[in-house]
Amino acid sequence: MEGSAVTEFDHPTFRLAVAQYDQAAELMDLHPNLRERLKAPQRALTVSLPVRMDNGSVKVFMGYRVQHDSARGPSKGGLRYHPEVNLGEVAALAMWMTWKTAIAGLPYGGAKGGIKVSPSALSQGELERLTRRYAAEIFPIIGPNKDIPAPDIGTNAQVMAWLMDTYSEQVGFAVPGVVTGKPLAIGGSAGREEATGRGVVNVTLEALKHLKIELSKTTVAIQGMGNVGSHTARIISEAGAKIIAISDQNGGLYNSHGLNIPDILKRYQEEKQSLNSMHTLGDPLTNEELLTTDCTVLIPAAVAEQITQHNARNIRCRILVEAANGPTTLEADSLLADRDIFIIPDILANSGGVIVSYFEWVQDVQRFFWKEADIHERLKEIIVSAFQRTLDYAQGKKTTMRMAALMNGIDRVAQAHQLRGLYP
Ligand code: GLU
């Protein structure tokens, strides 16, 4: 069994997720029967998606939806459009969603979806047809009580609107609760778009308080200027921290006196200027240089496996906040453990997105919408208490924040399985 699950989904990211899980399961002495059950996803669907391109030809894309576990409720997780997407990566991300929702105490399991595609290479029409075909193919396994997709890398509110519409057309009435991260006009929630970044900032401020570091003396470096990186940059600079380095996949910008974030975001998002071309605002720097910048807080907010055995020894931050999913490899994690670096693991640090997704789903199901201020407040309440619980557990058990978070999440899922028993 052990071999078969790993072979079926074999991929570096899946191996990372399973290895982290194994470490935590060992520490908490998880019963062997349950240990095996939680290693492989509950359900995995692979679909091929023929799409008529604008030039009349038909191109076939591969899509996936993996439901890792649903013992605690409907499975929940994003949909990723990226040229490197594959079944193993999606399975890893689905497993992380299971622990993430459990740590935050949301009544959900974990899932993830993906299409192997470079979305920027498609026209809007092609993207819409691809999304609708994907929605039609995964229709049997999604729904507000089954599995609820949301945005992730390469997808956005418009993609969610197409998914919601395709699903709704099949059943014959509007079902806003089938996806989260939708536009406001069709049942989206205030504060959802910036929620992951806001949650990242909430936990970063808690870590600074815990380590007694003053915000005015805090310097920040952020890798990634997508949804998560850009909102994190804006919100943490508004809070009073000094951002000295930012980057995207093409490189970045450095200024030891602090970068002017509103100006940079305007040029980057509205004028489509590249970061390392903004010479008047800072010096150009590479992604590798960003990760090893001397700073108080380092926030990887891009893709997985960025901090590896090759650069872990050169990381020079006091706090590492994993806004991306899986940014630190297993080897890097053990190298960092010997250093005085406080790590806020991904499944805790970036849970703001799914927390506000939960609020969106609750609002959709109840047909009753909340004010933005209430969303911010409730998000903070949930993520800060998850942070505190994790910190207390880590200190009590003398373990790392990553192991504490995993053990906490796995324990909640294990309890649900124990109570429900094994069918048949
Ligand atoms: N894609 C986000 C994540 O990785 C959000 C998932 C959701 O809101 O369901 O946590």
Side-chain angles (χ1 to χ4, degrees), residues 13 17 64-70 72-82 85 89-115 138 142-144 146-157 159-160 163-164 176-182 187-200 202-203 224 226-229 231-232 300-304 321-327 344-365 375 378-379 382-383 386 405 409:
T13 315
Y64 310 93
R65 185 74 190 170
V66 177
Q67 298 168 345
H68 174 259
D69 191 76
S70 61
R72 300 178 58 260
S75 49
K76 184 86 190 81
L79 169 61
R80 176 173 291 199
Y81 287 2
H82 192 274
V85 158
E89 185 194 57
V90 174
L93 291 159
M95 181 188 278
W96 283 326
M97 285 308 303
T98 303
W99 317 141
K100 199 185 293 188
T101 55
I103 292 161
L106 310 177
Y108 287 141
K112 200 82 174 195
I115 301 180
I138 66 164
I142 61 167
K146 290 188 196 170
D147 180 11
I148 307 137
D152 196 77
I153 294 173
T155 59
N156 54 24
V159 171
M160 295 305 116
L163 275 174
M164 178 268 194
V178 66
V179 290
T180 58
K182 297 177 295 297
S189 175
R192 173 62 186 87
E193 201 190 284
E194 64 171 61
T196 310
R198 185 168 285 277
V200 166
N202 285 332
V203 292
N227 173 284
V228 180
H231 284 294
T232 300
V303 287
V321 186
E322 296 183 335
N325 288 310
I344 311 181
D346 48 5
I347 48 178
L348 171 62
N350 69 30
S351 62
V354 73
I355 292 170
V356 177
S357 275
Y358 166 59
F359 298 160
E360 180 174 332
W361 177 78
V362 167
Q363 294 170 84
D364 288 339
V365 171
I375 305 271
R378 286 175 161 162
L379 162 61
I382 293 183
I383 203 163

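Both ligands and their constituent atoms are indexed starting at 1 by order of listing.
- Each side-chain hydrogen bond (donor to acceptor under 3.5 Å, both in side chains) pair with one or both residues in residues 99-115, not counting sequence neighbours, appears once here: K100-N325, K100-N350, K112-D152.
- Applying the side chain to side chain contact (heavy atoms under 4.5 Å, CB included) test to A323 and every residue at least two apart in sequence or in another chain returns V200, V228, I299, A301.
- Using a 4.0 Å heavy-atom criterion, the residues that approach ligand 1 are K76, G77, G78, M97, K100, K112, A150, P151, D152, R192, N325, G353, V354, S357.
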Verdict with supporting geometry, V85 and I115, side chain to side chain contact (heavy atoms under 4.5 Å, CB included)
CA-CA 6 Å; V85 158; I115 301 180; 5.9 Å; no
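- At distances below 3.5 Å, at least one donor-acceptor pair connects side-chain atoms of K182 with backbone N or O atoms of P176.
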Applying side chain to side chain contact (heavy atoms under 4.5 Å, CB included) to V179 and L79, what does each step give before you reach the verdict?
CA-CA 10 Å; V179 290; L79 169 61; over 6 Å; no
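- Residues satisfying the side-chain hydrogen bond (donor to acceptor under 3.5 Å, both in side chains) criterion with Q67, sequence neighbours excluded, are R43, D147.
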